[in-house]
Student: 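Pasting a structure below so you can have a look.
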Amino acid sequence: MQFKLYARQPFQFLSVVKSHGWVQLAPFTFDEQKVSLSYTDRLSNGRVLTYHISETTDGVAIETEKLTGSEQAEVAQHVTWMLGLDMDFSGFYAASLGEPKLLQAEKKAQGRVLRSPTLFEDVVKTILTTNTLWTATKRMNLKLINEYGPSSDGETDVRAFPNTAEIAASSPEVLKETVRVGYRAASIHELALRIESGNFNLESLKTSDLPTLDLRNELLKIKGVGPYAAANLLLILGRGDFIPLDTWALKLVSHEWYDGQPVTAKKVEKHFEKWAEFKGLAYLFWDWKYEG
DNA sequence: GGTAGACCTGGACGC
DNA sequence: GCGTCCAGGTCTACC
């Protein structure tokens, strides 16, 4: 079956899909030929299914197996969140006016970042990006899904991302041994346990109206989440105030303004200071000279 | 507030 | 095939 969702304009499907590396992390896959984003999801009734998302003239079309009315509503809710279909970036575009390096931002409808249906999945994926190479992040994420994620009926190679219960039921030692996440096992397991015990409502942060600084402090309380990870998660939560400052950011700034000479984190901050609440967005969608 | 060192994995490299 | 080095962000101890 197929159904469509409207996106607040301006909207460009590819700008969201290619906003950051998430599209390369299972259970996302992207078909370049068909320009179609696929995601294997688990609905609240336990059903595991894959849906395929493509662009329409004013939003997206979703193609999947036959769904009940409530299942369709849930998939629609998930896709709306994942692609930020209802998000408004007019403030960012207004602030970008006159900056040649952000000229393309409004034209390409940039601002949205691809996200997972649950914040838990995005926090775990973010922890998996820390202190490691991108290839290792992809491998750890895939192993986590293959070891702990539920499969759809009769297709053991199609799996959704594991939930908090599945990870909490394991142990840091087993996680470390089977998923090869190293010291990150303790952080991931502790987060799953905290949520499962009811002591921490992580998903409520998706709709929180806390000031960004307070929201950042909440994220920093999660073991394994430091300044870089918190900034990345804030961008996912639609708060563009902080720059995810990693070695890549230092490299970009070094080639942009310092002829490839080493730069400090303070210099990166200084160059984006003027963008205030849009600092992170300006950094993320800057038209960088250096491409790696 | 700033800094140094440990954490852990797998790829690259030299032998 | 083996050993060594390196990249990567967070945490903790220390000044």
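Letters go in sequence order (proteins before strands), and every chain restarts at 1. These figures come from a predicted structure and were not determined experimentally.
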Student: Can you list the steps and then say if A:Lys279 with A:Glu273 is a salt bridge (charged side-chain N to carboxylate O under 4.0 Å, His left out)?
Tutor: CA-CA 7 Å; A:Lys279 228 173 5 178; A:Glu273 212 171 16; over 6 Å; no
Student: Contact boundaries of DNA chain C with chain A (under 4.0 Å, heavy atoms), 5' to 3'?
Tutor: C:dG8 to C:dC11
Student: How long is the line joining CG of A:Leu175 and P of B:dT9, in whole Å?
Tutor: 12 Å
Student: Less than 4.0 angstrom between a side-chain N/O of A:Lys266 and OP1 or OP2 of B:dG2, yes or no?
Tutor: yes
Student: For A:Ile127 and A:Arg184, which heavy atoms make the closest approach, and how far apart are they?
Tutor: O-CD, 3.5 Å
Student: Could you state the atom-to-atom distance from CE of A:Met140 to P of B:dG11 in whole Å?
Tutor: 11 Å
Student: Is it the case that the side chain of A:Arg8 and the backbone of A:Leu85 share a donor-acceptor pair, with hydrogens and angles ignored and the cut-off at 3.5 Å?
Tutor: no
Student: Just how far, in rounded Å, is C1' of B:dG10 from NZ of A:Lys176?
Tutor: 15 Å
Student: Anything under 30° is parallel, anything over 60° is perpendicular, the rest tilted; go ahead and classify A:Phe30 against A:Phe13.
Tutor: tilted
Student: Report the distance from atom OG of A:Ser38 to atom CD1 of A:Ile53, rounding to the nearest 0.5 Å.
Tutor: 7.5 Å
Student: For the residue pair A:Trp22 and A:His20, categorise the inter-ring angle as parallel (less than 30°), tilted (30 to 60°) or perpendicular (more than 60°).
Tutor: parallel
Student: Between P on B:dT9 and CD1 on A:Ile127, what's the gap in Å once rounded to a whole number?
Tutor: 16 Å
Student: Tell me: NZ of A:Lys138 to C1' of B:dG11, nearest whole Å?
Tutor: 14 Å
Student: Assess the side chains of A:Glu106 and A:Ser96: does a donor N or O sit below 3.5 Å from an acceptor N or O?
Tutor: no
Student: Within the structure shown, what part of the strands sits under 4.0 Å from A:Ile222 by heavy-atom distance: base, sugar-phosphate, or nothing?
Tutor: sugar-phosphate
Student: Nearest nucleotide by nearest heavy atom, which residue falls closer to the 5' end of DNA chain C, A:Leu133 or A:Val225?
Tutor: A:Leu133
Student: Between A:Asn131 and A:Arg180, who's closer to the 5' end of DNA chain B by nearest nucleotide?
Tutor: A:Asn131
Student: Between B:dC7 atom C1' and A:Arg184 atom CZ, what is the distance in whole Å?
Tutor: 9 Å
Student: Check each residue of residues 227-248 of chain A for a non-hydrogen atom within less than 4.0 Å of any atom in DNA chain C, then write out the ones that pass by number, or none.
Tutor: A:Pro227, A:Tyr228, A:Ala229, A:Asp246, A:Thr247
Student: For A:Glu173 and B:dC8, what is the distance between atoms CD and P respectively, to the nearest whole Å?
Tutor: 11 Å
Student: Aromatic rings A:Phe272 and A:Tyr283: how do their planes relate, parallel, tilted or perpendicular, breaks at 30° and 60°?
Tutor: perpendicular
Student: Check whether any side-chain heavy atom of A:Leu281 lies under 4.5 Å from a side-chain heavy atom of A:Trp286, and answer yes or no.
Tutor: no
